[in-house]
Amino acid sequence: MTQLDFAQTSHRRLNPLTGEWVLVSPHRMKRPWQGKREAVPATNLPAHDPECYLCAGNLRAGGQRNPDYSHTFVFDNDFAALSPAARGAMADGLLIAEGESGLCRVLCFSPRHDLTIAQMALADIERVVDAWVEETVNLGSRPDIGAVQIFENRGEIMGCSNPHPHGQIWATRHLPNEMEKETHRQAQYLLDYGRPLLVDYLAQELALGERIVAQNAHFVTLAPFWAVWPFETMILPRRRIGGFDDLTADEKSALAAALSDLTRRYDRLFDVSFPYSMGFHQKPTDGAVHAEWQMHAHFYPPLLRSATVKKFMVGFEMLGSPQRDLTPEQAAARLREV
Ligand code: H2U
Ligand code: ZN
C-alpha cells in the first residue's frame, strides 16, 4: 500500500461501527467564509425563570406543575413522539410501514435554569448518571421496549427548545437506524475476531495516542478516526460494559467526571457555551446478552471554525457521503490543549 498523507491528501475513512465512509479534505480549512454566522447564546440567565416550563414549581405547556425538585427530575414528555399503544402494520408491495410503540421522557439535569453540564458540580452530574441508569432499567425491563436512547440537544443552534439543562429519553420497540447498524457491525466483529469491536478500537487508539482527548480510570474521550463533525468525540469505557445498568459506582463517578471534563473543554474551545447533540448508545433491551455491545457516548457539535461559523451538512453530504475539512487528529490536539 502507498503511504497516505492524512494532513495533505483528500481521502476517505471507514466507520467500522456503521460501515459508512466519511470523506476527509484537510486542505479545505483555508477557504474563505462569507456565509451564515450564528448568534452567540445569551449568558446572563437567571437561576430560576418563572417563564420556564422546566424550572421547579412551574407550570408545563401540558398543564401539569413541576414539583419543587432539588436535583434531577424526570417526566413523560407532554408532546411525546411515541405512544405505548401504537399497533398495526402494512405491507403493500414497496409500501411498508408498522406501528412503532414507545415512550418519551424528559430529564431535567438540575433545578438551576442557568447551568450546563460544564458548570454543574461533579456530584450533581453523578445524579444525572444515576437517573440515566434508573431510566434504562425501568424502560428497558418493559417487554414492549427494545432500545433506550438517551440524548441531549444543547443550544439553540441544535434545535434545543429551552436553555434549562435537560435531556431526553426515547424508548422504542424496534432498534432505531443507528442502533441497528451498530448492533449488526459489533455482532459481526465479535463473530469474526472473538473480541468486542470497541474494546479493540480503544486499545489501538490508546497505543497511538494522537486522537485521545482525555482519560480517567474508567473512561477515555477521543476524536474517532472516522469522525464526521469537526469536533466530534466519543467517550468509551475501558472495560466491556454493555449499558448503563452494568456500571459500578466507581464507573458512574468516572463517567460523570469524563462528561464534565469534555463539556468544559468544548466551552473553552471557542469561549462560548458549546452547542452539540450528544447521546449514549447502549445494548438493546430485548433480554438477550449482547456480548458484542460496548456502551459509549457520541458528541456531535456543529461548530467549525469559531463560535459563529457552523458546519453545514448539505450538497455532497446529503447526496453522497459526509465530508470534513479539519482532521480528527487536529481536532483532538486542539481539545487536548484547551
Ligand atoms: P428539547 O429542548 O431537546 O427539544 O426537549 C424539550 C422537550 O420537552 C420537547 O420534546 C418537551 C418537548 O416536547 N416539553 C414537555 O414535555 N413539556 C413542556 O411543558 C414543554 C416541553
Ligand atoms: Zn428553567
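Side-chain atoms are counted along with the backbone in the values below, which use heavy atoms only and exclude waters and symmetry mates.
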What residues, two or more places apart in sequence or in another chain, satisfy ring-ring contact (aromatic ring centres under 6.0 Å, His included) together with Tyr193? Tyr189
Modelled atom types, side-chain donor and acceptor of His184 and Glu182, under 3.5 Å: no
Between the side chains of Arg154 and Ser273, is a donor N or O closer than 3.5 angstrom to an acceptor N or O? yes
Within a 6.0 Å radius of atom [atom1] on [X], are there more than 12 heavy atoms belonging to other residues, nucleotides or ligands?
| X | atom1 | result |
| --- | --- | --- |
| Met90 | CE | yes |
| Gln64 | CD | no |
| Asp78 | CG | yes |

Heavy-atom check, side chain of [X] versus side chain of [Y], under 4.5 Å:
| X | Y | value |
| --- | --- | --- |
| Val228 | Glu20 | no |
| Thr18 | Trp226 | no |
| Glu329 | Arg211 | yes |

Look up atom [atom1] in [X] and atom [atom2] in [Y], then write down how far apart they are to the nearest 0.5 Å.
| X | Y | atom1 | atom2 | value |
| --- | --- | --- | --- | --- |
| Gln119 | Thr116 | CD | OG1 | 3.5 Å |
| Glu205 | Leu236 | CD | CG | 9.0 Å |
| His164 | Leu45 | NE2 | CG | 10.5 Å |

Phe225 reachable from Trp229 in the ILVMFWY side-chain graph, under 4.5 Å edges: yes
Same apolar cluster: Val137 and Ile169, side chain cutoff 4.5 Å: yes
May I ask you to say whether [X] pairs ionically with [Y], meaning some side-chain N is under 4.0 Å from a carboxylate O?
| X | Y | result |
| --- | --- | --- |
| Lys311 | Glu317 | yes |
| Asp124 | Arg127 | yes |
| Arg324 | Glu232 | no |
| Arg239 | Asp246 | no |
| Glu134 | Arg105 | no |
| Arg334 | Glu337 | no |

The residue among Phe219, Trp293, Trp132 that forms ring pair (Phe, Tyr, Trp, His ring centres under 6.0 Å) with Phe280 is Trp132
From the list Phe270, Tyr276, Phe299, ring pair (Phe, Tyr, Trp, His ring centres under 6.0 Å) with Phe231 holds only for Phe270
Parallel, tilted or perpendicular: which describes the rings of Phe151 and Trp170, with under 30° parallel and over 60° perpendicular? perpendicular
Indicate, with yes or no, if the rings of His48 and His113 have centres closer together than 6.0 Å. no
Can we call the ring centroids of Phe75 and Tyr69 under 6.0 Å apart? no
Checking side chain to side chain contact (heavy atoms under 4.5 Å, CB included) between Met179 and each of His174, Gln149, Lys283, which is the one that passes? Gln149
